[in-house]
There are 2 protein chains.
Amino acid sequence: MVVVRDARHPDPDEMTLTEVMAALSDPIRVGLVRLLSDGQERGWGVLRAPVSKSTLSHHLRVLRDAGLTRTRQEGTRCYVVLRREDLQARFSGLLEAVLAAADSEDVGSQVGLALDDAATPGPPN
Amino acid sequence: MVVVRDARHPDPDEMTLTEVMAALSDPIRVGLVRLLSDGQERGWGVLRAPVSKSTLSHHLRVLRDAGLTRTRQEGTRCYVVLRREDLQARFSGLLEAVLAAADSEDVGSQVGLALDDAATPGPPN
DNA sequence: TCCTTTGTTCGATGTTCGTGAAACATCGAA
DNA sequence: TTCGATGTTTCACGAACATCGAACAAAGGA
């Protein structure tokens with residue numbers, strides 16, 4: 001997956017509001033953001049969503065391009081983390097408001113973690 | 001414009017986060033929201049955007065369907081107002097965060113008011 | 001009654017989006 | 001080097017979207 005090397009991670013000042021809003025207009029992507037909202041870095045592999053591998057990859061790309069998440073590659077695996085601080089710096093209060101609304105509405109509840117290592121805190125030992 | 005009679009104005013609890021986010025993922029619609037953010041009711045006719053009449057009508061419909069604005073008809077004219085309280089009730093803090101971000105980025109600056117009665121405060125006397 | 005004003009709705013068109021299957025690229029292990 | 005695991009990219013497709021011009025509908029005025 002050569003892509004991660006090309007991974008575009010916009011700086012806070014390169015993020016655009018409309019791109020972020022568009023990224024958050026899909027339930028699956030909102031679900032992914034909710035999943036990552038605890039600040040924990042998650043392995044790509046533990047993410048579970050009712051879509052194919054390629055579609056999930058697409059959604060993660062949209063989130064990354066918008067600046068919502070950061071993807072890190074380690075060996076053959078990828079890890080995703082929410083860019084809370086950067087988002088706060090650029091769009092103060094937006095993420096919190098979205099997360100609160102998403103929780104109250106339970107948006108993207110179809111998205112979850114693999115039952116086994118559901119707590120995968122990051123890179124394996 | 002018989003349409004206003006069919007106008008769908010969702011209750012706060014009928015609004016969905018993803019629909020609101022989608023509505024705010026277009027610069028012109030964000031511009032319209034910014035224009036209405038002072039709480040003033042504006043006449044359809046004073047709204048200026050670099051799109052055709054039908055496209056503007058479409059954008060206003062998207063905003064209305066998402067619950068962001070309320071449209072009122074008076075005689076042959078229409079008036080639009082931002083539903084700040086309802087949005088606050090349903091998505092606490094979201095609108096404020098979006099408006100702040102939109103201002104700092106100057107999203108939708110192409111949207112404006114007619115030069116003449118730019119301050120049309122509502123129904124004409 | 002006829003005409004003007006004001007928006008809405010109806011095609012039509014080109015673009016973007018969400019989706020999956022399949023091919024591909026990269027890394028680590030055998 | 002060969003193989004398996006892990007994601008990414010390409011391709012294709014239907015649906016949704018942004019856009020416009022034209023037709024339409026409702027309310028007021030001449």
Side-chain angles (χ1 to χ4, degrees), chain A residues 1-9 16 18-19 21-32 42-66 69-80 108 110-111 114 116-117 120 123-125, chain B residues 1-9 16 18-19 21-32 42-66 69-80 108 110-111 114 117 120 123-124:
Chain A
M1 42 306 190
V2 68
V3 166
V4 174
R5 80 167 172 226
D6 303 330
R8 173 189 142 202
H9 286 110
T16 68
T18 52
E19 195 174 2
M21 300 304 272
L24 295 175
S25 66
D26 183 282
I28 290 187
R29 290 196 292 261
V30 172
L32 289 168
R42 306 285 182 180
W44 206 107
V46 306
L47 302 177
R48 290 293 175 272
V51 293
S52 70
K53 190 172 60 160
S54 57
T55 299
L56 181 57
S57 181
H58 162 67
H59 285 311
L60 287 171
R61 177 158 146 65
V62 171
L63 288 174
R64 171 161 45 73
D65 285 352
T69 61
R70 185 180 303 282
T71 298
R72 181 174 65 82
Q73 187 172 6
E74 182 159 358
T76 175
R77 306 209 174 167
C78 287
Y79 297 92
V80 190
Q110 311 169 334
V111 180
D116 28 290
D117 52 358
T120 299
N125 32 317
Chain B
M1 46 299 189
V2 69
V3 166
V4 175
R5 79 170 172 224
D6 303 330
R8 173 189 143 203
H9 286 110
T16 68
T18 52
E19 194 174 1
M21 300 304 272
L24 294 175
S25 67
D26 183 285
I28 290 188
R29 291 196 291 260
V30 172
L32 289 168
R42 306 286 182 179
W44 207 107
V46 306
L47 302 177
R48 291 292 176 273
V51 294
S52 71
K53 190 171 60 159
S54 56
T55 300
L56 180 57
S57 180
H58 163 68
H59 284 310
L60 287 170
R61 177 161 148 70
V62 172
L63 289 174
R64 171 161 44 74
D65 286 352
T69 60
R70 186 180 301 284
T71 298
R72 180 175 67 83
Q73 187 173 4
E74 182 159 359
T76 174
R77 306 205 176 170
C78 286
Y79 297 92
V80 189
Q110 311 170 335
V111 179
D117 52 358
T120 300

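In what follows, every chain begins at residue 1, and chains take the letters A, B, ... in the order their sequences are listed.
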**Prompt:** Of all the nucleotides listed (C/dC10, D/dT19, C/dG7), which has the minimum atom distance to the side chain of B/Ile28?
**Reply:** D/dT19
Please enumerate all protein N or O atoms sitting under 3.5 Å from an N or O of nucleotides 28-30 of chain D, with distances to 0.1 Å.
none

**Asked** Roughly, in whole Å, what's the span from CD in A/Gln73 to P in D/dA5?
**Response** 18 Å
Could you list, one pair per line, each protein nitrogen or oxygen that sits under 3.5 Å from a nitrogen or oxygen of nucleotides 16-18 of chain C, together with the distance?
from	atom 1	to	atom 2	distance (Å)
C/dG18	OP1	A/Arg29	NH1	3.3
C/dG18	OP1	A/Arg29	NH2	2.8
C/dG18	OP2	A/Arg29	NH1	3.3
C/dG18	OP2	A/His58	NE2	3.3

**Request:** Please name all residues satisfying side-chain hydrogen bond (donor to acceptor under 3.5 Å, both in side chains) with A/Thr55, sequence neighbours left out, ordered by chain then number.
**Result:** A/Ser52
**Fill in**
Only one of B/Gln73, B/Glu74, B/Arg42 passes side chain to side chain contact (heavy atoms under 4.5 Å, CB included) with B/Tyr79, and that residue is B/Glu74
**Integer-rounded Å distance: C/dG28 C1' and A/Arg77 CZ** = 10 Å
**Message:** Rounding to an integer number of Å, can you tell me how far A/Leu60 CG sits from D/dG7 P?
**Reply:** 10 Å
**Message:** Can you give me the closest heavy-atom contact between B/Thr18 and A/Pro27, atom names plus distance?
**Reply:** CG2-N, 3.9 Å
**Prompt:** Which heavy-atom pair separates A/His9 from A/Arg64 by the least distance, and what is that distance?
**Reply:** NE2-CD, 3.2 Å
**Request:** Could you tell me which residues satisfy side chain to side chain contact (heavy atoms under 4.5 Å, CB included) with B/Ser25, sequence neighbours excluded, listed by chain and number?
**Result:** A/Met21, A/Ala22, B/Arg29
**Fill in**
What one should report as the nearest heavy-atom pair of B/Ala49 and B/Val111 is CB-CG2, 4.2 Å
**Prompt:** Rounding to a whole Å, what distance do you find between B/Leu56:CG and C/dG7:C1'?
**Reply:** 10 Å
**Item:** Nearest-Å distance for atom pair CZ/C1', residues B/Arg61 and D/dC17
**Value:** 13 Å
**Asked** Can you list the stems that include DNA chain C, where a stem is three or more consecutive Watson-Crick or G-U pairs with distances under 3.5 Å?
**Response** C:1-30 with D:1-30
**Request:** Find the distance between CG (A/Leu24) and CG (B/Leu24) and round it off to the nearest 0.5 Å.
**Result:** 11.0 Å
**Message:** From CZ of B/Arg48 over to P of C/dT6, roughly how many Å is that when rounded to an integer?
**Reply:** 10 Å
**Request:** Return the value, rounded to whole Å, for the distance between atom NZ of B/Lys53 and atom P of C/dT5.
**Result:** 11 Å
**Prompt:** Taking it one step at a time, do A/Thr71 and A/Leu60 satisfy side-chain contact (heavy atoms from CB on, under 4.5 Å)?
**Reply:** CA-CA 9 Å; A/Thr71 298; A/Leu60 287 171; 5.8 Å; no
**Item:** Protein-nucleotide distance (B/Asp65, atom CG; D/dA18, atom P), rounded to Å
**Value:** 12 Å
**Prompt:** Taking all non-hydrogen atoms of both residues, which atom of B/His59 and which atom of B/Ile28 are closest, and how far apart?
**Reply:** CD2-CG2, 3.8 Å
**Prompt:** Out of C/dA21, D/dC20, C/dG7, which has the shortest distance to the side chain of B/Trp44?
**Reply:** C/dG7
**Message:** I need the A/Leu56 CG to A/Arg48 CZ distance, nearest 0.5 Å.
**Reply:** 9.5 Å
**Request:** Using only heavy-atom distances, decide whether a donor-acceptor pair under 3.5 angstrom links the side-chain of A/Ser57 to the base of D/dG7.
**Result:** no
**Asked** Tell me, do A/Trp44 and A/Lys53 make a side-chain contact under 4.5 Å, heavy atoms counted?
**Response** yes
